[in-house]
Amino acid sequence: MQNAVAAGTPSLETVTRLYHQLRLIRVLEEEVARVYPTDKIKSPVHLSIGQEFVSVGVCDVLQPRDHVSITYRGHAAYIAKGGDMAAMVAEMYGRKAGCAQGRGGSMHLVDSKAGVIGGSAVVGTSIPIAAGFALADRRKGTGGVVACFFGDGASEEGCLAETLNFAALQKLPVLFVCENNGYAIHEPRAKRWATDRLCERAATYGMPAHHVTSGDVFEVRARAEEAVRAMRGGGGPVFLEVDCYRWQEHVGPNQDYDQGYRSQAELIPWIEDDQVPRLARMLDASVVERIDAEVRLAVAAAFAFAEETPFPDPEDLYDHVYA
Amino acid sequence: MQNAVAAGTPSLETVTRLYHQLRLIRVLEEEVARVYPTDKIKSPVHLSIGQEFVSVGVCDVLQPRDHVSITYRGHAAYIAKGGDMAAMVAEMYGRKAGCAQGRGGSMHLVDSKAGVIGGSAVVGTSIPIAAGFALADRRKGTGGVVACFFGDGASEEGCLAETLNFAALQKLPVLFVCENNGYAIHEPRAKRWATDRLCERAATYGMPAHHVTSGDVFEVRARAEEAVRAMRGGGGPVFLEVDCYRWQEHVGPNQDYDQGYRSQAELIPWIEDDQVPRLARMLDASVVERIDAEVRLAVAAAFAFAEETPFPDPEDLYDHVYA
Amino acid sequence: MTTSTPEKGPNPGEGRLLRYVDALCEAFAQEMRRDESVFVFGLDVDDHKCIQGSTRGLLQEFGAERVFTTPLSEDAMTGVAIGAAMAGMRPVHTHIRMDFLLLCMNQLVNIAAKARYMYGGSVSVPLVVRSMIGKSWGQGAQHSQALHSMFMHVPGLKVVAPSNAHDVKGCMIAAIRDDNPVIFMEHRLLYPTEAYVPEAAYEVRPGKARVVAPGEDVTVVGISNMVVECLRARELLAEAGVSAEVIDPIWLAPLDIDTIVESARRTKRLVVADNGWTSCGASAEIVAQVLERAGDAGIAVKRIGFEPTTCPPSPVLEAKFYPNPGTVAATIHAMVRPKDAPWTPDPERTKLAYQTQFRGPF
Amino acid sequence: MTTSTPEKGPNPGEGRLLRYVDALCEAFAQEMRRDESVFVFGLDVDDHKCIQGSTRGLLQEFGAERVFTTPLSEDAMTGVAIGAAMAGMRPVHTHIRMDFLLLCMNQLVNIAAKARYMYGGSVSVPLVVRSMIGKSWGQGAQHSQALHSMFMHVPGLKVVAPSNAHDVKGCMIAAIRDDNPVIFMEHRLLYPTEAYVPEAAYEVRPGKARVVAPGEDVTVVGISNMVVECLRARELLAEAGVSAEVIDPIWLAPLDIDTIVESARRTKRLVVADNGWTSCGASAEIVAQVLERAGDAGIAVKRIGFEPTTCPPSPVLEAKFYPNPGTVAATIHAMVRPKDAPWTPDPERTKLAYQTQFRGPF
Ligand SMILES: Cc1ncc(C[n+]2csc(CCOP(=O)(O)OP(=O)(O)O)c2C)c(N)n1
Ligand SMILES: Cc1ncc(C[n+]2csc(CCOP(=O)(O)OP(=O)(O)O)c2C)c(N)n1
Ligand SMILES: [Mg+2]
Ligand SMILES: [Mg+2]
């Protein structure tokens with residue numbers, strides 16, 4: 001893995017912004033992992049630790065009018081798009097002030113104000129939903145685009161093929177982002193994919209398709225920037241496949257290299273290339289210190305909020321079944 | 001359209017065999033169309049007139065142990081694979097001696113003895129079923145292969161993408177045959193496909209894929225022969241896309257060029273290149289005469305059988321709900 | 001054939017005699033004029049056949065941005081509709097057979113029904129999913145199913161099955177304006193039936209069943225086209241001296257059970273005739289609800305529906321598969337007069353105009 | 001926790017105390033040894049977690065040709081299973097949540113259920129579709145559904161929901177040997193529960209419900225895990241002087257209604273407690289069937305199930321969403337003693353060992 005920066009030298013401002021987001025998500029998820037054994041979070045959590053750079057790189061080029069479509073492994077994209085962190089943690093705690101009022105949990109984060117489309121726990125399901133938002137954007141002339149995140153496993157669901165065809169046919173402003181971490185739960189890609197030619201396949205629908213293998217947040221950002229520019233110009237959908245690696249177990253707070261289905265050796269290059277310290281090294285120590293302190297405070301505040309804010313009333317059960 | 005015979009000169013035997021099948025299917029379907037207005041066939045019929053060469057070319061290289069998976073437009077493949085014609089016509093007449101005992105109708109033809117997997121009226125649905133047969137063939141070591149027919153419309157269903165991936169992953173002996181007649185009911189391909197790069201897409205799963213645009217039954221046969229040979233050697237699935245044209249209306253016995261959704265001009269080259277008279281011209285007039293007479297007799301006998309054989313008893317309704 | 005004129009609506013009995021299919025089409029046109037966010041899409045809505053005429057003229061008036069066909073991708077297209085609805089549009093997604101909704105169950109049940117709830121009230125899904133129930137002319141196993149009970153099972157969905165031209169217009173307008181996903185069931189054989197339909201837009205909303213015809217001896221609930229067949233059964237029964245009250249629930253979810261309970265308490269007999277299977281069907285639900293409510297009232301109950309088999313295309317078998325006015329009347333007669341000899345009306349007289357005029361394939 | 005020992009099976013009460021999950025696994029191993037055509041596939045059946053242990057050891061013993069994972073393609077994989085079954089194999093297709101069957105509805109309902117019928121008896125589909133119902137620990141909207149009523153609605157499918165280790169083994173063996181598609185429902189929270197399980201292979205076939213515990217005042221039908229919860233409710237009720245008979249239908253389709261009718265005729269009260277929604281649910285079907293059969297017997301009826309909402313993950317809401325031994329007992333008490341003051345058992349005493357020991361996420 002090399003940092004093939006396809007994007008020229010990023011400005012200090014960009015590095016700072018990206019570092020802030022990367023660090024924020026990392027610290028937040030580490031805190032989730034730390035708290036989890038207390039059973040305060042009674043919700044299956046799927047951590048993005050190590051994969052944050054995909055969400056951060058893509059969302060940095062989005063605007064408030066744009067949307068992201070997230071998965072059950074959606075903490076990173078939720079935060080990167082500007083979702084309310086306190087509401088997110090409260091949601092994991094099952095509280096009334098949670099972003100879904102305690103009705104979603106970690107797998108169904110949502111923040112309509114920030115443009116975060118709700119996540120789904122049924123893999124692949126949210127892909128066509130994203131295209132529906134893009135269709136609405138076009139009809140309403142908002143100029144907005146939709147970034148649609150999904151995993152390598154999700155790419156096997158027929159609804160991806162159906163959605164790619166429809167989005168290309170209708171020239172919808174959707175940026176498809178496959179976070180290819182090589183596993184679906186414990187099953188490696190080789191047991192699920194006949195070949196690795198996903199990008200090539202997406203391109204046959206007539207959309208630009210790029211495979212980012214560098215693990216470099218700036219390359220992701222550059223690709224996304226280029227894609228979004230083209231999409232706002234009416235160019236139709238773009239496909240990005242981004243190689244990444246899930247450091248923790250599929251669901252839950254721990255590592256699982258002792259389980260035998262993958263070896264720690266796979267992890268090592270990703271740790272060496274971890275974008276969080278990499279970007280820290282590109283900044284003044286004082287800036288890093290300030291950001292780190294800010295981030296720690298923000299995360300602590302979110303958890304403090306979640307701890308204090310009340311549970312729903314049992315009678316709330318009956319709300320929101322119908323609009 | 002040109003007859004780019006990719007297959008050398010076919011033997012007289014082959015020409016004779018193919019002509020017989022082409023003529024048989026043509027005469028059979030013309031008879032269906034003739035009888036239809038009498039309302040004796042109370043079943044939606046989807047005729048293959050003009051498209052027979054696809055089924056005939058492919059099925060000619062199949063053996064009894066092989067299977068075909070057909071669609072609701074399945075008369076041609078059913079006959080080409082050696083399905084019982086009298087039982088087929090009786091089925092359309094709703095009779096007890098029908099191939100599905102009057103429980104299938106024209107859209108659900110089946111002949112297990114002849115290796116015809118039952119058709120489905122839900123587009124695309126039979127594609128993975130075909131792969132299931134291939135999986136069973138491999139497990140049982142029959143050496144059999146499965147030819148799976150489907151339309152250009154069916155290719156848009158997500159289950160095709162899912163099945164291609166699985167078949168390639170498992171190296172299943174499936175010959176996927178897309179009968180691309182350019183329409184799904186009245187909707188032209190351009191309103192449904194983002195691009196025409198279907199074969200290229202299939203190839204990304206790591207399977208050989210060929211687009212036959214010549215309308216030539218010998219080219220179809222040659223491609224199928226090559227594919228089946230490779231599949232029997234364990235080579236995994238092969239994809240064929242065959243351009244063709246539906247001469248009649250989508251469902252029912254008539255032509256519909258007066259309806260405005262397509263022009264008769266589209267039909268003309270296909271008529272000029274019609275494989276039935278083309279193959280007739282390659283044979284001695286006496287051979288053609290003999291075959292034509294045989295075919296007429298066989299078709300007449302099938303209809304006579306259907307007319308005479310009784311309806312099911314109303315109480316039969318309750319049979320076969322469970323095995 | 002004219003179905004009994006509905007007594008509800010802004011101007012009861014007023015309007016023109018209109019076919020079901022044209023009333024439906026009028027609903028789309030009026031709502032699309034009123035609200036820019038309404039669009040109609042799905043396979044073949046824009047071809048020259050216009051879904052049997054039900055979308056006639058929409059493409060011309062509203063253009064291809066609001067009236068368009070799709071690839072054959074029911075699963076993803078349902079997701080697209082849901083996404084667009086969450087984003088503030090009002091899509092009407094069309095399927096020419098209800099059987100095809102089986103391809104959409106994940107999106108409809110796991111997302112459309114649940115989105116508002118699982119996203120804590122922060123979104124709504126104002127989506128209409130139209131589908132047509134096929135019947136006769138060898139429709140067979142996969143073009144004949146009425147699957148409303150699967151949707152009635154799931155909180156968050158609304159389900160409606162209008163039985164006449166008046167209601168189909170009012171229900172479609174109500175469904176389009178509803179902020180929830182609505183499963184809208186049409187019946188192919190009802191398309192040519194006529195009723196008086198007001199010209200102006202009006203809503204036939206959830207919450208009120210209609211007593212279509214009064215009676216004393218038995219309460220008969222008909223669903224979708226079975227309302228028409230029950231009305232014919234009622235006429236036949238009247239000749240045999242049995243007086244049947246026929247109720248059309250119109251909306252199946254939410255269901256107005258009060259009207260049914262009230263009637264059944266009075267007649268002491270409840271028959272539910274559905275155009276669907278009875279096992280875990282709408283008929284089971286109606287029977288169970290009535291008896292939970294009025295368990296001590298000694299109400300005898302009976303469900304009528306598809307025979308418990310797959311739908312066969314052979315006309316001989318098809319005739320036995322479906323309930324019809326004759327079998328409904330005979331069943332009711334046996335219930336009301338258990339001691340009399342079994343009575344079946346003359347089969348010739350049980351045929352309905354709207355059926356005999358139907359000729360396939362679609 | 002040990003559920004009441006089933007009285008049926010070849011050697012009642014014999015065998016070892018085995019967990020539900022191990023009994024299930026033993027069924028697979030025994031059938032795979034007996035019959036080469038049996039294979040087990042589906043997402044994650046061959047990983048080190050082995051679907052919570054239910055497929056443990058199968059890969060090692062039978063190899064990757066007969067025990068394999070698949071791409072995430074539930075729709076097509078169901079079609080593959082059906083095709084293989086038609087071709088003479090006996091596939092067992094596994095889903096870790098029943099919610100995911102919504103992706104398979106087209107194949108299951110339009111093909112698996114209908115193939116034998118619509119192909120005139122010329123094929124059969126000996127397919128088992130396993131799925132697990134999730135509950136608690138924030139499973140939430142899409143990992144908690146029990147959708148059996150959708151399958152009970154459709155002729156041609158069989159449905160089974162074993163509630164204990166003995167039955168899960170016998171039912172799985174019966175399902176694998178059955179020549180029809182069987183929807184096999186497991187419950188996540190039942191996996192660690194133990195019962196006596198004979199070592200040899202045996203079948204618990206469709207057609208016979210089990211009276212799990214006798215009683216006089218009320219007939220309580222429990223479905224899946226609700227059998228266990230109803231047994232606890234029965235104990236609590238006994239303390240209040242109410243005697244409840246608990247019946248486990250085991251197979252939901254075909255359903256042994258006779259056993260239920262017989263009991264309900266005697267007790268004059270029928271409560272059906274389901275782990276699912278009631279609207280058009282299994283509980284509606286059981287109530288409707290009993291009352292169609294025994295309408296004149298004056299049987300009071302009541303359904304208990306999920307609250308009519310989506311399943312929420314917040315523990316406070318989740319607790320109210322599900323029925324439990326306390327709510328079941330209170331409901332029955334109110335039915336049996338309508339004139340008494342409402343009675344609710346001490347909530348602490350309603351908790352079941354098999355639930356409190358469960359800790360997420362899966
Ligand atoms: C339709 C569906 N099938 C199976 C599952 C079970 N499941 C949950 S996550 C997961 C793996 C998904 O892998 P991928 O898309 O690569 O995402 P990742 O977890 O690697 O981020 C599976 C199979 C599910 N939730 N939904
Ligand atoms: C899943 C599904 N969607 C829609 C339909 C309605 N329908 C029947 S045939 C057809 C067109 C299929 O086109 P294609 O696959 O190209 O086959 P062709 O009819 O051209 O042979 C459609 C849309 C259906 N039967 N099933
Ligand atoms: Mg992955
Ligand atoms: Mg076509």
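Protein chains get the first letters and strands the later ones, always in sequence-line order, with residue 1 at the start of each. Atoms considered below: every heavy atom in the structure, side chains included; atoms not considered: hydrogens, waters and symmetry mates.
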- [ ] Output the distance between atom OG1 (D/Thr310) and atom NE2 (A/His320), rounded to the nearest 0.5 Å.
- [x] 12.0 Å

Task: Separation between CD of A/Gln101 and CG of D/Leu317, rounded to the nearest 0.5 Å - done: 9.5 Å

Task: Interchain contact, A/Ser106 with chain D, by part (heavy-atom threshold 4.5 Å) - done: neither

Task: Side chain / backbone / both / neither for D/Asp44 at chain A, heavy atoms under 4.5 Å - done: both

Open item on the list: Minimum heavy-atom separation for D/Leu72 and A/Ala154, please, with both atom names.
Closed with: CD2-N, 4.4 Å

TODO: Looking only at non-hydrogen atoms, find the nearest pair between D/Gln139 and A/Met107 and report the distance.
DONE: O-CE, 3.8 Å

- [ ] Report the residues that fulfil side chain to side chain donor-acceptor pair (under 3.5 Å) with A/Lys113, sequence neighbours left out, ordered by chain and then residue number.
- [x] none

TODO: Could you list which of residues 98-107 of chain D have a heavy atom closer than 4.5 Å to any heavy atom of chain A, in residue-number order?
DONE: D/Phe100, D/Leu103

- [ ] Search all heavy atoms of A/Pro312 against all heavy atoms of D/Val316 and return the closest pair with its distance.
- [x] O-CG1, 3.3 Å

Task: Which atoms of D/Thr309 approach chain A - backbone, side chain, both or neither, heavy atom under 4.5 Å - done: both

Task: A/Ile185 versus chain D, the contacting section by heavy-atom distance below 4.5 Å - done: side chain

- [ ] Quick one: pull up OH in A/Tyr261 and NZ in D/Lys49 and give me the separation to the nearest 0.5 Å.
- [x] 8.5 Å

Task: Contact class of A/Asp319 relative to chain D, heavy atoms under 4.5 angstrom - done: neither

- [ ] Tell me, out of A/Arg103, A/Glu157, A/Gln259, who's got the most heavy-atom pairs with chain D below 4.5 Å.
- [x] A/Glu157

Task: Parallel, tilted or perpendicular, as decided by the 30° and 60° cut-offs, for the rings of A/Tyr36 and D/Trp137 - done: perpendicular

- [ ] To the nearest 0.5 angstrom, please state how far the CG atom of D/Leu43 sits from the CD atom of A/Glu187.
- [x] 7.5 Å

- [ ] Would you mind checking which part of A/Val122 comes under 4.5 Å of any heavy atom in chain D, side chain (CB onward), backbone (N, CA, C, O), both or neither?
- [x] both

Open item on the list: Can you tell me how far apart OH (A/Tyr72) and NE2 (D/His143) are? Round to the nearest 0.5 Å.
Closed with: 9.0 Å

- [ ] Specify which of A/Ala184, A/Gly158, A/Ser120, A/Gly124 makes the most heavy-atom pairs with chain D at under 4.5 Å.
- [x] A/Ser120

- [ ] Report the option among A/Glu315, A/Met92, A/Glu156 that has the most heavy-atom pairs separated by less than 4.5 Å from atoms of chain D.
- [x] A/Glu156

Task: chain D contact via A/His108 - side chain, backbone, both or neither, heavy atoms under 4.5 Å - done: side chain

Task: Under 4.5 Å from a heavy atom of chain A, the part of D/Glu318 involved - done: neither

TODO: Pick whichever of D/Pro315, D/Cys311, D/Pro312, D/Pro313 has the most heavy-atom pairs under 4.5 Å with chain A.
DONE: D/Pro313

Task: chain D interface, residue from A/Gly105, A/Ala100, A/Pro314, A/Gly94 that has the most non-hydrogen pairs under 4.5 Å - done: A/Pro314

